[in-house]
2 protein chains.
Amino acid sequence: MTTEATHNAPGLPIASVERETGLSKDTLRVWERRYGFPTPDRDANGERLYTQLQVRQLAQIKRLMDRGHRPGRLLALDASALAALDTPDEANPGAPDPQLDDWLERVKSHDSDALERQFHRELARRGLARFVVDICAPLITRVGEAWSRNELGIFEEHLFSQHLEKLFRTTLANMAPQSGSPRVLLTTLSGEEHTLGLLMVESLLVVEGAYPVLLGPQTPINEIVRAAQVKAVDAVCLSFSTAYAPTQAAQGLRDLRQMLPARTELWAGGYGVKGIRKPIEGVCLVPEFQDLFDCLVRWRIETGGKSAN
Amino acid sequence: MTTEATHNAPGLPIASVERETGLSKDTLRVWERRYGFPTPDRDANGERLYTQLQVRQLAQIKRLMDRGHRPGRLLALDASALAALDTPDEANPGAPDPQLDDWLERVKSHDSDALERQFHRELARRGLARFVVDICAPLITRVGEAWSRNELGIFEEHLFSQHLEKLFRTTLANMAPQSGSPRVLLTTLSGEEHTLGLLMVESLLVVEGAYPVLLGPQTPINEIVRAAQVKAVDAVCLSFSTAYAPTQAAQGLRDLRQMLPARTELWAGGYGVKGIRKPIEGVCLVPEFQDLFDCLVRWRIETGGKSAN
DNA sequence: GTCAACTATTTGTCCAGGACAATATGACTA
DNA sequence: TAGTCATATTGTCCTGGACAAATAGTTGAC
């Protein structure tokens, strides 16, 4: 069924493969040179044409790399050995929360209605802040892990994200504050498309009496600086998902810190910052939501709770 | 004020410039080779380090290219000649709708509250479909043009998008249908982050009695195919903004068409498809919203209004 | 046995410069 | 004016070499 349309497939050029897999052209070429895989066909002009199978295998390898495997080993294996690695082998290391498992099951089976009802119920029961910290964040982590174990695909992950996004946007629409401090600009760097982290942070900030300015994802650094100035914010808060390469994230943070006025704080949150080892001067790393509260408290003590702008 | 933090700027590596400007590394290098601009400094290792000024100039050049200028000409000019080109010179060619001008002014001056009130008012007055077609689409076009004329920045554009997104999501949350036909999957290809187009299409489809499945932006082709199968949709609808290179869009559509079952229709909408000259077999190009209605009607006639799945 | 320091390997990204196809421009003709 | 063809422009692809950052493996001290 899935291969029915692969009749006269001429193959995908390298740019398409980069777009689909997220592996750079440089990486694709150097893998071919070093490990002999993938070895795509060539067109009349000598340009690479990858088969659908190769693209699927590359996506699989990328997933396994996120689980800690190294490309040198993976690329030496054949398809069956890869498949053996790719099965959901180990049990989940964290506490096996039955409710989370329950939800994960719903995500896997695309049971949108049940998922949405349950979200609303838990939100009402726990309140927004606890809902974010105790339910959303762990569940998103679980979904990410499940994806890396090949238990569900990007499709399910997207659908799940859309439900949460709808929930947050409707909830937040009814409680937009007129004022508050600190004023915090929320966005991501170019290349980071995940908005969910921003919406969760926005929720927490509103509840805590701060004034978030949601700018949406993917703002160039120059424009972040200008926005911070125009909106007179006290802090810029960026969000990084697992997908963002830690080395790129660190570079981006350095670039931005260099251009931002010293009085404007720079906070970086999300799963993606956990990979950053060395602290960056003038940047506050916020890997967990709890650390965000710490950041807020610290700012309020240091400034007396008043915006400097 | 804007240059205050540029004290010890060591410059940005080529990867950062690619991320910030959207110009590929290949393009940056070939411009340097051919036109002698930009000529970045080099670090101890011989790697390029671009100054902030160079990055700003590159962004300016990219904007001017979107207005129809050619790089060969632009890169031969010096900074002052570029600035002369970059002023908002010509008047807008279309009908100078005073209301649109009014709104554009609000966008430029970050008058969020007034903007939001006016959106709600017009939505109530015209109804959702007319609001999308008569107000939203032209306004988005106008904002895009204003951006290309350097009258406003990405920051303002992001803020504007966030307001519209909030409006659509709250409106749509209250009218999600239980059924309808055709069933249409809504998403974009990797690299296209704009969600607004999808939300507008979703609105129109709901109003017209169809059943949209919103998947959010940036789904890999493989996953689009799987989603179409699982959700048993009759059509996949992709959205392309101006930013998406027409050649990339066409290639992506060909890639997807090749993998999708023949019975599943493929519609491609948005400003970005206007750049596609040659029709692509099996792909329905929908440059204007009116064409979407045509697509719907055609599908209903051809199939008798019933899903084939 | 554990931890730290050091060395070796791995791996992604950068570089140069050549080539070519797709697009846009401009000249010429009907 | 509109269509056709030659020419110029321009982005992307190619090869193969190099190197720095990160990771793995080893050794030695406590």
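Chain A is the first sequence line, chain B the second, and so forth, proteins listed ahead of strands; every chain is numbered from 1.
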Q: Considering heavy-atom distances to DNA chain D, does A:Glu32 or B:Gly72 have its closest nucleotide positioned more toward the 5' end?
A: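 Looking at the nearest nucleotide for each, B:Gly72 comes out on the 5' side.
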
Q: Among side-chain atoms of A:Gln60 and A:Arg63, is any donor-acceptor pair under 3.5 angstrom?
A: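 No, because no side-chain N or O of A:Gln60 sits under 3.5 Å from a partner of the opposite role on A:Arg63.
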
Q: Can you see if the side chain of A:Arg48 gets near the phosphate of D:dT15 - specifically, an N or O under 4.0 Å from OP1 or OP2?
A: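 For D:dT15, OP1 or OP2 has a side-chain N or O of A:Arg48 closer than 4.0 Å.
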
Q: Counting distance alone, no hydrogens or angles: does the base of D:dG11 have a donor or acceptor under 3.5 Å from a partner atom on the side chain of B:Arg34?
A: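 Between D:dG11 and B:Arg34, which were checked side chain against base, a qualifying N/O pair under 3.5 Å is present.
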
Q: Between D:dT10, C:dC14, D:dC13, which one does the side chain of B:Pro71 approach most closely?
A: D:dT10

Q: Can B:Glu18 and B:Ser24 be counted as having a side-chain donor-acceptor contact under 3.5 angstrom?
A: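 No.
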
Q: Whole-Å distance between D:dC13 P and A:Arg42 CZ?
A: 12 Å

Q: Using a heavy-atom cut-off of 4.0 Å across all strands, would you classify B:Arg33 as base, sugar-phosphate, or nothing?
A: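 If one applies the 4.0 Å heavy-atom cut-off, B:Arg33 turns out to touch a base.
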
Q: In whole angstroms, how far is the C1' atom of D:dG11 from the CG atom of B:Leu28?
A: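 It is 12 Å, rounded to the nearest whole Å.
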
Q: When you match A:Asp26 and A:Arg73 each to their closest nucleotide on DNA chain C, which lands nearer the 5' end?
A: A:Arg73

Q: Less than 4.0 Å between a side-chain N and a carboxylate O, is that true for B:Glu156 and A:Arg226?
A: yes

Q: Is the phosphate of D:dG11, meaning OP1 or OP2, less than 4.0 Å from a side-chain N or O of B:Thr247?
A: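 Result: no.
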
Q: Choosing from C:dA24, C:dT11, D:dT15, which nucleotide comes nearest the side chain of A:Arg70?
A: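 Looking only at heavy atoms from C-beta outward on A:Arg70, the closest nucleotide is C:dT11.
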
Q: Closer than 4.0 angstrom, basic N to acidic O: yes or no for A:Arg149 and A:Asp66?
A: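 A salt bridge is absent here (no side-chain N lies under 4.0 Å from a carboxylate O).
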
Q: Please confirm whether the shortest side-chain N or O distance from A:Tyr35 to OP1 or OP2 of C:dT10 is below 4.0 Å.
A: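 Answer is no, no contact under 4.0 Å.
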
Q: Salt bridge check, A:Arg29 against A:Glu32: does any charged N sit closer than 4.0 Å to a carboxylate O?
A: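 The answer is no: the pair does not qualify as a salt bridge.
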
Q: Roughly, in whole Å, what's the span from CD1 in B:Ile61 to P in D:dG11?
A: 11 Å

Q: Taking only the side-chain nitrogens and oxygens of B:Arg29, find out if one of them lies under 4.0 Å from OP1 or OP2 of C:dC15.
A: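 For C:dC15, OP1/OP2 do have a side-chain N/O of B:Arg29 under 4.0 Å.
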
Q: Would you mind classifying the nucleic acid contact of B:Ala245 as base, sugar-phosphate or nothing, using non-hydrogen atoms under 4.0 angstrom?
A: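 Nothing, no nucleic acid heavy atom in range.
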
Q: What's the closest nucleotide to the side chain of B:Lys25 if the choices are D:dT15, C:dC14, C:dT11?
A: C:dC14

Q: Please state how far atom CD in A:Gln251 lies from atom P in D:dA20, giving the value in whole angstrom units.
A: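 Computing the A:Gln251:CD to D:dA20:P distance gives 16 Å.
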
Q: Measure the distance from CD on B:Glu18 to C1' on C:dC15 and round it to the nearest whole Å.
A: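 Rounding to the nearest Å, CD of B:Glu18 and C1' of C:dC15 are 15 Å apart.
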
Q: Does any non-hydrogen side-chain atom of A:Glu47 lie less than 4.5 Å from one of A:Pro13?
A: no

Q: Contact class for A:Ser24 (heavy atom, under 4.0 Å): base, sugar-phosphate, or nothing?
A: sugar-phosphate

Q: To the nearest Å, how far apart are A:Asp41 CG and D:dC14 P?
A: 13 Å

Q: What is the distance, to the nearest angstrom, from the CG atom on A:Asn45 to the C1' atom on D:dT12?
A: 11 Å

Q: Please figure out whether B:Ile14 or A:Glu47 has its closest DNA chain C nucleotide nearer the 5' end.
A: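 Closest to the 5' end, via its nearest nucleotide, is B:Ile14.
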
Q: Between P on C:dT10 and CH2 on A:Trp31, what's the gap in Å once rounded to a whole number?
A: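 Whole-Å distance recorded here is 15 Å.
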
